[in-house]
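Throughout, a chain's letter reflects where its sequence line sits, starting with A, and its residues are numbered from 1. All figures in this text were calculated on a predicted structure; none of them were measured in a lab.
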Amino acid sequence: MFLIRCPYCGEAREEQEFSYAGEAFIQRPPLTCSDEEWGDYLFKRKNIKGVTTEQWLHSAGCRRIFVMERNNVTYEILSIYTFESKRGAA
Amino acid sequence: MKYSWLALLKEGLKGHQDWTPTWPDVTPQTAYDVIIVGGGGHGLATAYYLARDFPTKKIAVLEKGWIGGGNTGRNTTIVRSNYLWDEAALLYEHALKLWEGLTEELDFNVMFSQRGVYNLGHTLQDMRDIERRVSANLLNGVDAEVVSVAELKERIPILETGKQVRYPVMGASFQARGGVARHDAVAWGFARAASRLGVDIVQNCEVIGMDVSGGRIHGVETTRGFIKADQVGCVPAGHASVLAKMANVRLPLESHPLQAFVSEPMKPVLHTVVMSNAVHGYVSQSDKGDLVIGAGIDSYTGYAQRGSPHLIDHCAAAMIELFPIFSRTRLNRQWGGIVDTCPDACPIISPIPEVKGLYFNCGWGTGGFKATPGSGHVFAQTIGHDTPHPLAAPFHIQRFTTGALIDEHGAAGVAH
Amino acid sequence: MKRLAPQAHERIDRSKTYQFTWQGESYYAYAGDTLASALLANGIDVVGRSFKYGRKRGILAAGVEEPNALVTLESGGYEVPNARATEIELYDQLNAKAASGIPSLRFDLRAALKPFHKFMVAGFYYKTFKWPQKLWPHYEHYLRQLAGFSEVPQQADAEHYDHQYQFVDVAVVGGGAAGLSAALTAAQSGASVLVIDERAELGGELSSEFASSAEAQQWFSSTKQALEQMPNVRILKRSTAFALHDFNLLLVIERRQDHVSLKQRNEKQSRQRQHRVRAKQVILATGSHERPLLFANNDLPGVLMASAMRRYLNEFAVLCGDKPVLAGNNDSIYALAEDLVKRAGVKPVVLDMRVGYDASRLIAAGIDVRQGYTILKASGSNRVEQVSIAKVYYDGKLWSASAATETLDCDVVATSGGFNPLVHLDCHTGSKPLFSNALQAFLPACDKPARISAGSVNGHSDWQACVQDGAYAAHQILGRLEKSVAPTTVKPELKLLNVAPFFCPTHQRNKIFIDMQNDVKASDIELAIRENYRSIEHIKRYTAMGFGTDQGKIGNVLGIALAAQLLNRSIPEVGTTTFRPMYTPVTMGALAGEEVGLLFDPQRFTPIHASHVARGAEFEVVGQWMRPWYFPKAIEHLYDAQSAEDLHTAVQRECLAVRNSVGVMDASTLGKIDIQGPDVREFLARVYTNAWAKLAPGKCRYGVMCDENGMIIDDGVTACLSDTHFVMTTTTGGAARIYNHLETWLQTEWPALKVYLTSVTDHWSTTAIVGPKARRVIEKLCSDIDFNAKAFPFMDWREGTVAGVPARVMRISFSGELSYEINVPANYGRYIWEQVMEAGKEFDITPYGTETMHVLRAEKGYIIVGQDTDGSLSPYDANMGWAVSLTKPYPFLGQRALTRSDTVRTDRKQLVGLLPHDAQKVLPEGTQLVNAIEDKAMIGHVTSSYLSPILGRSIAMAVVKAGLSRMGNTIYAKTVGGETIPVTIADSVFYDTAKEKLDGEV
Amino acid sequence: MAKFEPQFATALEQQDFNRLNSAAFKVQELRDYGYVVLRVDANTEGAAHALAKLDISVPEPLTMTGSLDSHLVKWIGPSEYGITLPLAQKDAFIKAAKEALQGVFAAVVDNSGGYSFLHISGTQRYEVLSKLALYDLRGQLPLGKVVSTIAAKSGVIVYRVEEESLRLMVRWSFAQHFWNALVKASEEYR
Ligand SMILES: Cc1cc2nc3c(=O)[nH]c(=O)nc-3n(C[C@H](O)[C@H](O)[C@H](O)COP(=O)(O)OP(=O)(O)OC[C@H]3O[C@@H](n4cnc5c(N)ncnc54)[C@H](O)[C@@H]3O)c2cc1C
Ligand SMILES: NC(=O)c1ccc[n+]([C@@H]2O[C@H](COP(=O)([O-])OP(=O)(O)OC[C@H]3O[C@@H](n4cnc5c(N)ncnc54)[C@H](O)[C@@H]3O)[C@@H](O)[C@H]2O)c1
Ligand SMILES: Cc1cc2nc3c(=O)[nH]c(=O)nc-3n(C[C@H](O)[C@H](O)[C@H](O)COP(=O)(O)O)c2cc1C
Ligand SMILES: [Zn+2]
């Protein structure tokens, strides 16, 4: 049962306040892509065992989406950051 | 040794000294014709039907832990075939027919108990979906029935059918041939039958790599050394993506925790299986007397066989909604499994186009136990003939490219 | 068995005598007793029957680890199935009976099957009842009757439950020596501390020491007192920490009233409370449970744990027998012997497997101490009467027993085979316990952050070391919490109890019970292994070891040790099974808490709800909302009786009223999202399939929304307030989901789009006036809008004042009739509704519900997302290609998906209308469709179906393979009831195809 | 045209507030507040000027600025502020805000009807609320703080402007459910 530190609210909150929103940084292909590429984008997931990079929405709090690196075997949360900070870095 | 009363009698008198291993423990050989990765029900069933129908093939099942220790050993054991779409209904019905003779086929009592399965409806839309599904089932040759509230109350007197609850029950679908089975026995029964046909069942043997080159597979690297094979069938449930990655393949799966729990054993009071999508929970009472209850799936991915407790609380509340007399009963144990969920809530039974000789049977998510014999059978045929069995063909991985999904989410009710 | 004269440190209150009923007979005991101590004090041996063989069973332990003494407590709404006598605090008029015994405790059928017991070994049912498989249900029926303990209560719960969220710096589980010491040290730093103990009183096993150690007593009372006085400390007694989840979520059940007599229970208070504790640090001071020695017939009543006998003696002044044999493999057994001599003047025979312990003091006191001995077998009929003992030898690897045995008479046998630290909570998050050879025990790994263990769970056996270990642990975690800490304490030395390695006699292993509750014998484990169930997990599942309500607290480690021996592996190689919640069983009601009944899920109400109730509406559950379904009118009968219209009659009436005059509907539940910013048009163009660039302020447009898979997920009307300000409506059920969906796209994929979304669903109350006379109604209420059809055309909206309230009025229609939707802030919603009703009186304005809405829209072929679509329909499939714009600069969500090979198939299922040949035949919704009467191949199904009052015939909407190109074809509906109904495929617009009704009365 | 006298009815108008009116636990529904959602990034061009004109200083995360008499500005999320203000001043404020923010990328949304505004006091207020709320209101909600969280399965905004009480906003449609939950949770203190 996660206790998640929302990077916007700046404090830890109960898991129920959040919604898991899937793998992060999936690239959306252009309209001209092949059916395969579209299918891969739509459905195929890394589904990593270990450290995953995923999106979480603070749905009952500030309503912002952020990125969480989490070990889905130990359930450790390794880091949490905003998309802005990632974009800033890139 | 054939199992029978007589054998038991003889053995009983001798102090049970002569029973032989249900399946022998073997050291893996260096090469096989077919390797099945994953010693769950589906993998063992695949091996059994392969050995039965393709007797010349040398087959091994590689299991990283102990057989049946994956989802096969931790599911709520509901068996039914009343799925909505033709493709799914036919596949699950194929399985159900096999269940009906499985104890005899395997010479192992899998305690398949056709006590019937109710899927409750709580809203008008639920009732439309029930009507739709039952209508489809009947045309597909799957037994099904729409049951009114009054009738429900008669059949399951302990069910709350009053209107003064949050989500009053409005009716149900019923499949009389549905029921439950003893999950562990399924794994053990298939293991025994397969090993008697010469299949090597290798426990504590984790596949950690795949030798793929020139567009085909040559064997697998394991914690017990490299094992050669031209055909590798992967049936690893929650770990499908992990194995696929070894062959550089990505699957349309996410692995999530799914939780269940049991009460203390009590005298029989619930003689059938009751499932509810709207309040989310499903329950049966095992032959031992414990209520076996399934909760909802956790939203996040997880490979730890544990989920979040608020789902358990909610599910307990759902149970009390349905069966107020359960309120003072106590829960004994809760656990989780790792379920490989597919976007359309249907499995993938498919050769992998990029890698010749590699096959996957996965994506059963929250509801594959009921398919165990059928899944094993069609997968064995698919591997044996190197071409999809007709019932497996619609579950080809290609559907995620063409868009031909078989969406059992929408109207099929709970997928367990 | 008897009650001794008052003891200095007993915990019973002899001034209060309670009557209680056991098996229908009346007994007496004292306040402070448990049901177990009360039964023992009354000389009751047999309290249960075993699961499989129906063997007589007595009380084995004194706490939660008890496997045998399961009872059914009370009856009716207060019944508790499978309650453990050792945990039940006695109250006056308590009523209990054994949870087992078929048909009775005295006579058990299963015991009568004794000749067959030798065949009923582990897993025998897998090998039998197989042929023919068809007969299994019959066998199963009888087998089921034999299983289970208590009945399920027959009545609904008379009590209620709640939850409480707690947040603390330090949670200490266990209020024994270690826990109290840890709590005190932690609290002294100023940290907030929660102490949790499952027992009625603090002290844990320490209270057994009070009798012999004044110092222990002294330490306890001063520590307890100190804690009770600190404002930053909260003590939860009668509270079991049943699970420890990730990030230190500790779940605790507090039994608030179970110890109170039924008459005195406070109805306002919950029976049990689940505390959901988030602790920054957790200290596990959970102690350990003793495990027994193994010998044949070790399950006889009168054979019990040494620590239990000691607790009964010291805490309850109950002597479990006059002629005790104590047997053990460690030092702890001698303490019991000393207490027996001192407290009861009883001289036990002491058998110690080991040699070398200095027992001179006891020997001097005249006690028969035999070192190098153990029990091989017990015998007796209702209760243990004799034990046969033998000398044993240890060769450095294995024990062996001498063939020569000796028999001792006795009336109670107490054994100690070592201790099992309570590692459970530590393991709930995946940690594996570690085996210590020195202690012959599994210890907690404590390898997760923010937790530590202390006391006997770490293997400490003397209370002073536990106290020190508690302080040490607290010290460690205070450092992590950055609290000022007391001077460093040192980690105490482990004082070993010198537990000897495991031993299981080789004779009569089919009489040696490893797991008493599940009747798992040593021979069953042998059999499992013989049959290759060698993993400890297989052994568990094949034999059911540890499956019971005690989860193998006493037996599991013995089973593991036996398996290790048989497999010739070390104990850690064999390992444990997985420790999972619940630590001890938890009431389902307590898990649910208050969120049952109507609080199970929020019920959402519109601002107009009270009006609907007043008008006798029937409600439909839509998502969480309660929406009026229909408004049955009361029917006056000739005589007194009154009844109400049924659904059908009411809907017919409501539909005709709308079509012929005017109706009114509450549309407040639709989701509404306020969208502002310079890029709103672009945003809408991306999320909807249709175009938005040219929609002028003052106008509205219908939009269809797809997911990236190209399938319809929502629809609704969006109004343009200005070039930078729009308001979107979503379906009722989809509101939250769509809002999240839109935010997600904005925040992750399109952060550059300048758009702000605000949910305003609750702000607006929406009253729709619908029907040819709608204009005449609204004109009575609003003078600052020109309602002339030309001035205010279809799909426009206006701002104005309706009945004195500022409102947005939209001219949109879900029925094909002239229709105005009046949006006002929620707090005026009911007022506006009533004003509309008043103004519409002269036209006999008719309120209508969702059912009539469905009929009206179906007559016009409008879809309901989620009913006519199911996530597998593209806009083309839904015959809404007109709403798809493929020329937008940025492709809309799902656009690419529409050109995949399967999605462009022309024979996909498509949305069409159906006209049953029999115009009075209404197709059941959901019914499947086939091409020919005998066909079984399905080509689609009925999505919506009604009797249309205005058309006087039945109509339906359906999805049909290639349906759009099959207009006029006859196909067949195959109902669940077995009917085959011919229908014609038709356009889905059934009524007013020329759209002549849209402007209403002219 | 008839003369209209609009009637204003809050979400809990029909409830019996005497039930929750003890020294231990007391709930009042406030009728006289409006609620305006302001969406703006303070760094956006023109925002600083406009906000100054409106006398709004943008609060830090989970805090509030201003006061209930004029406008209490709550941090709801980044670039999202919830402004509670006397109902009578609401329309004027919205007008002023829209004018001031003309041309700035911002949104001003009237959401006054969206909520029921509760005032919760009494010696047992934390005991009662801790049965429903996931958040540590007792320990983590000092004066001047605001949090959006979940209580009784409903989204709520809780904030504290006085020592002895809490204020809570719950969505209109959830208000009755929330009320029922409060009634049940406080039963033992009545
Ligand atoms: C709580 C819960 C309730 C459920 N309820 C139901 C229900 O009521 N009805 C129903 O029909 N279904 C249900 N299911 C789903 C059902 O359990 C599964 O779909 C089904 O058991 C899958 O069987 P399997 O043999 O494919 O997988 P598993 O039994 O999981 O077997 C896969 C095996 O592969 C092994 N493996 C993985 N990776 C490797 C590797 N690299 N090398 C070697 N071996 C490997 C694993 O150790 C495992 O033993 C439920 C699932 C859960 C978790
Ligand atoms: N372990 C040994 O080898 C041994 C032998 C003899 C005596 N002792 C005595 O045992 C005591 C050990 O002290 P300690 O404090 O470590 O342990 P303890 O057993 O005295 O106290 C632990 C307490 O925690 C409670 N508890 C355990 N799990 C719980 C849970 N999940 N939820 C709520 N409560 C729970 C127990 O009921 C008990 O009251 C000493 O007094 C020592 O003399 C130990
Ligand atoms: C159908 C079914 C019934 C079960 N009944 C019991 C039971 O009566 N007692 C028990 O302790 N566990 C029971 N379990 C749970 C298992 O003990 C175990 O938790 C589960 O198989 C998952 O394995 P794990 O906990 O070892 O990871 C049951 C499991 C299943 C699937
Ligand atoms: Zn946040």
**Message:** Does the plane of the ring in Tyr167(B) sit parallel, tilted or perpendicular to the ring in Phe600(C)? Use 30° and 60° as the thresholds.
**Reply:** perpendicular
**Item:** Side chain to side chain, Gln867(C) and Arg128(B), heavy atoms closer than 4.5 Å
**Value:** yes
**Item:** Proximal component of Asp107(B), with respect to chain C [non-hydrogen, under 4.5 Å]
**Value:** both
**Fill in**
In terms of heavy-atom pairs under 4.5 Å with chain C, the winner among Leu405(B), Leu138(B), Thr20(B), Thr329(B) is Thr329(B)
**Complete:** If one checks every heavy atom of His854(C) against chain B at 4.5 Å, the contacting part turns out to be side chain
**Prompt:** Quick one: what part of Glu526(C) sits under 4.5 Å from any heavy atom of chain B, side chain, backbone, both or neither?
**Reply:** neither
**Prompt:** Based on non-hydrogen pairs under 4.5 Å, which of Val121(C), Leu599(C), Val942(C), Leu143(C) is most in contact with chain B?
**Reply:** Val121(C)
**Part of Met111(B) within contact of chain C (heavy atom distance under 4.5 Å)** = both
**Residue selection (most heavy-atom pairs with chain B, distance under 4.5 Å) from Glu595(C), Lys134(C), Lys936(C), Arg580(C)** = Arg580(C)
**Asked** Is it the backbone or the side chain of Val930(C) that comes under 4.5 Å from a heavy atom of chain B, or both, or neither?
**Response** side chain
**Heavy-atom proximity to chain B below 4.5 Å, by part of Phe547(C)** = both
**Message:** Does any backbone or side-chain atom of Gln305(B) lie under 4.5 Å from a heavy atom of chain C? Answer side chain, backbone, both or neither.
**Reply:** both
**Side chain, backbone, both or neither of Val134(B) within contact of chain C (heavy atoms, under 4.5 Å)** = both
**Prompt:** chain B heavy atoms under 4.5 Å from Met626(C): which part of the residue, side chain, backbone, both or neither?
**Reply:** side chain
**Asked** Given side chains that start at C-beta, do those of Asp407(B) and Asp870(C) come closer than 4.5 Å, heavy atoms only?
**Response** no
**Asked** Side chain, backbone, both or neither: which part of Glu140(C) has an atom under 4.5 Å from a heavy atom of chain B?
**Response** side chain
**Asked** Measuring heavy-atom distances to chain B, does Thr943(C) have an atom under 4.5 Å in its side chain, in its backbone, in both, or in neither?
**Response** backbone
**Request:** Heavy-atom distances under 4.5 Å only: say whether Arg534(C) touches chain B with side chain, backbone, both or neither.
**Result:** side chain
**Message:** I'd like to verify something: which residue of His117(C), Gln551(C), His141(C), Glu159(C) has the highest number of heavy-atom pairs under 4.5 Å with chain B?
**Reply:** Gln551(C)
**Message:** Can you tell me which portion of Ser535(C) sits under 4.5 Å from chain B's heavy atoms? Options are side chain, backbone, both or neither.
**Reply:** side chain
**Complete:** Whatever's closer than 4.5 Å to a heavy atom in chain B on Asn510(C) counts as neither
**Request:** Quickly, which of Ile312(B), Val262(B), Leu311(B) forms a side chain to side chain contact (heavy atoms under 4.5 Å, CB included) with Gln334(B)? Name it, please.
**Result:** Ile312(B)
**Fill in**
Note: vs chain B, highest number of non-hydrogen pairs under 4.5 angstrom among Ala937(C), Ala897(C), Gly866(C), Gly710(C) is Gly866(C)
**Heavy-atom proximity to chain C below 4.5 Å, by part of Ile320(B)** = side chain
**Fill in**
Scored by heavy-atom pairs under 4.5 Å with chain B, the best of Arg905(C), Glu151(C), Arg271(C) is Arg271(C)
**Item:** Part of Leu929(C) lying under 4.5 Å from any heavy atom of chain B
**Value:** neither
**Asked** Where does the angle between the aromatic ring planes of Tyr542(C) and Tyr533(C) fall among parallel (under 30°), tilted (30 to 60°) and perpendicular (over 60°)?
**Response** parallel
**Message:** What part of Gln272(C) gets within 4.5 angstrom of chain B, counting heavy atoms only: side chain, backbone, both, or neither?
**Reply:** neither
**Request:** Side chain from CB out, backbone as N, CA, C, O: work out which of these in Ala136(B) comes under 4.5 Å of a heavy atom of chain C, or both, or neither.
**Result:** both
**Prompt:** Would you call the rings of Phe108(B) and Tyr126(C) parallel, tilted or perpendicular if under 30° counts as parallel and over 60° as perpendicular?
**Reply:** parallel
**Message:** Is Leu251(C) close to chain B through its backbone or its side chain, or both, or neither, when contacts mean heavy atoms under 4.5 Å?
**Reply:** side chain
**Prompt:** Should Ile158(B) and Val269(B) count as side-chain neighbours, where that means a heavy-atom distance under 4.5 Å?
**Reply:** yes
**Message:** So which residue, Gly15(B), Gly101(B), Gly289(B), Gly403(B), ends up with the most heavy-atom pairs under 4.5 Å with chain C?
**Reply:** Gly403(B)
**Prompt:** Who among Trp131(C), Phe116(C), Trp136(C), Tyr125(C) has the most heavy-atom pairs with chain B under 4.5 Å?
**Reply:** Trp136(C)
**Asked** Measuring heavy-atom distances to chain B, does Ile864(C) have an atom under 4.5 Å in its side chain, in its backbone, in both, or in neither?
**Response** neither
**Request:** Give, as side chain, backbone, both or neither, the part of Arg399(B) having an atom under 4.5 angstrom from any heavy atom of chain C.
**Result:** neither
**Item:** Residue among Thr578(C), Asp246(C), Thr429(C) satisfying side chain to side chain donor-acceptor pair (under 3.5 Å) with Arg306(B)
**Value:** Asp246(C)
**Asked** Can you say whether Thr103(B) sits under 4.5 Å from chain C via the side chain, the backbone, both, or neither, judging by heavy atoms?
**Response** both
**Request:** Measure distances from Ser113(B) to the heavy atoms of chain C and classify the residue's part below 4.5 Å as side chain, backbone, both or neither.
**Result:** both
**Message:** Using heavy-atom distances under 4.5 Å, tell me whether Asp287(B) contacts chain C through its side chain, its backbone, both, or neither.
**Reply:** both
**salt bridge (charged side-chain N to carboxylate O under 4.0 Å, His left out): pairs with one or both residues in residues 6-25 of chain B, sequence neighbours excluded** = Glu11(B)-Lys14(B), Lys14(B)-Asp18(B)
